[in-house]
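Fair warning: this is a prediction, and the values are worked out from it, not measured in the lab.
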Amino acid sequence: MAAGTWKVYARAKKHIGAGNISLLGVIRMQLHRASASAELANLSALEGSPSVPAEISARGGYAALGRTLPSVSWTAGASAKQMRFSYASSGIIFTASGSALNDIKYALLRNSLSAGGGYALCYCTLSSSEFTIAAGNTLTIAPASTGVFTLT
């Protein structure tokens, strides 16, 4: 399944520039339902991840607030003036164990300052409509070869 591009929040850019967000710290990926679309798409207003609605239910191996990204890194971009944010090329794997992971449409990245704190960084549309991962199956979300986003 081909996911859309990651869209970075304006306030995340502000907080990165001000040094309030460490992109080498803990970054978590959350999964959200279609009903989160209006809030997720509001790139100018979204502040902290606790305000992001419609996270999928914590069940089937999915924990509230998602999972920590593996091997977060910064590498050189296409030019010497660019830095690319990425994570493990093998991706992050969500396994539906015991029950299905229902109604997934979006992935959201946030830095993690505490259990419910941090800033929403960016989101991406995983599919044009909600989908379910049946028990015993996995969802792997791997970064593009160009990374999640690039700072120039």
Side-chain angles (χ1 to χ4, degrees), residues 1-9 11-13 15-16 20-43 45-77 83-151:
M1 151 181 12
T5 58
W6 289 94
K7 295 159 187 76
V8 180
Y9 293 105
R11 290 197 179 175
K13 294 174 189 177
H15 289 298
I16 291 168
N20 299 331
I21 295 178
S22 170
L23 293 174
L24 290 177
V26 175
I27 307 292
R28 298 184 66 82
M29 183 182 289
Q30 297 173 251
L31 301 176
H32 290 265
R33 298 185 297 271
S35 57
S37 62
E39 288 83 1
L40 284 172
N42 190 352
L43 292 175
L46 192 61
E47 180 70 50
S49 59
S51 65
V52 180
E55 184 177 7
I56 68 167
S57 300
R59 58 178 280 185
Y62 181 83
L65 303 176
R67 297 203 44 220
T68 301
L69 286 182
S71 304
V72 169
S73 65
W74 283 97
T75 56
M83 291 300 292
R84 178 179 28 207
F85 175 77
S86 197
Y87 59 97
S89 61
S90 58
I92 186 169
I93 301 169
F94 294 93
T95 301
S97 57
S99 67
L101 301 179
N102 297 317
D103 307 323
I104 302 165
K105 184 169 182 183
Y106 301 103
L108 173 97
L109 295 184
R110 67 176 184 88
N111 78 319
S112 181
L113 299 175
S114 63
Y119 296 103
L121 301 172
C122 56
Y123 83 97
C124 114
T125 304
L126 299 174
S127 176
S128 59
S129 59
E130 289 183 330
F131 61 95
T132 294
I133 305 300
N137 291 303
T138 61
L139 168 64
T140 302
I141 304 172
S145 61
T146 57
V148 177
F149 60 84
T150 301
L151 296 179

Sorted by chain and number, sequence neighbours left out, side chain to side chain contact (heavy atoms under 4.5 Å, CB included) with C124 holds for A3, W6, L126
To the nearest 0.5 Å, atom CH2 of W74 lies from atom CG of L24 at 8.0 Å
In the structure I gave you, are the side-chain heavy atoms of L108 and E55 within less than 4.5 Å of one another anywhere? no
What one should report as the nearest heavy-atom pair of L40 and H32 is CD1-CB, 4.2 Å
Would you indicate whether the side-chain heavy atoms of L139 and L101 approach each other to under 4.5 Å?
-> no
Taken in chain and number order and not counting sequence neighbours, the residues that satisfy side chain to side chain contact (heavy atoms under 4.5 Å, CB included) with A64 are A58
| Within the distance-only criterion (no hydrogens, no angle test), does the side chain of T132 pair as donor or acceptor with the backbone N or O of A134 below 3.5 angstrom? | no
When rounded to the nearest 0.5 Å, the distance separating CD of Q30 from OH of Y123 is 15.0 Å
F94 meets the ring-ring contact (aromatic ring centres under 6.0 Å, His included) criterion, sequence neighbours left out, with Y62
dist D103:CG -> S35:OG (nearest 0.5 Å) comes out at 8.5 Å
Return all side-chain donor-acceptor pairs below 3.5 angstrom for residues 84-92, not counting sequence neighbours, or 'none' if the list is empty.
{"residue": "R84", "atom": "NE", "partner": "T75", "partner atom": "OG1", "Å": "3.4"}
{"residue": "R84", "atom": "NH1", "partner": "S145", "partner atom": "O", "Å": "3.4"}
{"residue": "R84", "atom": "NH2", "partner": "A76", "partner atom": "O", "Å": "2.9"}
{"residue": "Y87", "atom": "OH", "partner": "I141", "partner atom": "O", "Å": "2.8"}

Sorted by chain and number, sequence neighbours left out, side chain to side chain contact (heavy atoms under 4.5 Å, CB included) with T68 holds for V26, R28
Rounding to 0.5 Å, atoms NE2 (H15) and CG (L121) come to a distance of 10.0 Å
Q | K105 vs E130 side-chain heavy atoms within contact, under 4.5 Å | A | yes
Between the CE atom in M29 and the CG atom in L69, the distance rounded to the nearest 0.5 Å is 5.0 Å
The reported gap from CD1 in I104 to CD1 in I56 (rounded to nearest 0.5 angstrom) is 4.5 Å
Sorted by chain and number, sequence neighbours left out, side chain to side chain contact (heavy atoms under 4.5 Å, CB included) with T5 holds for K7
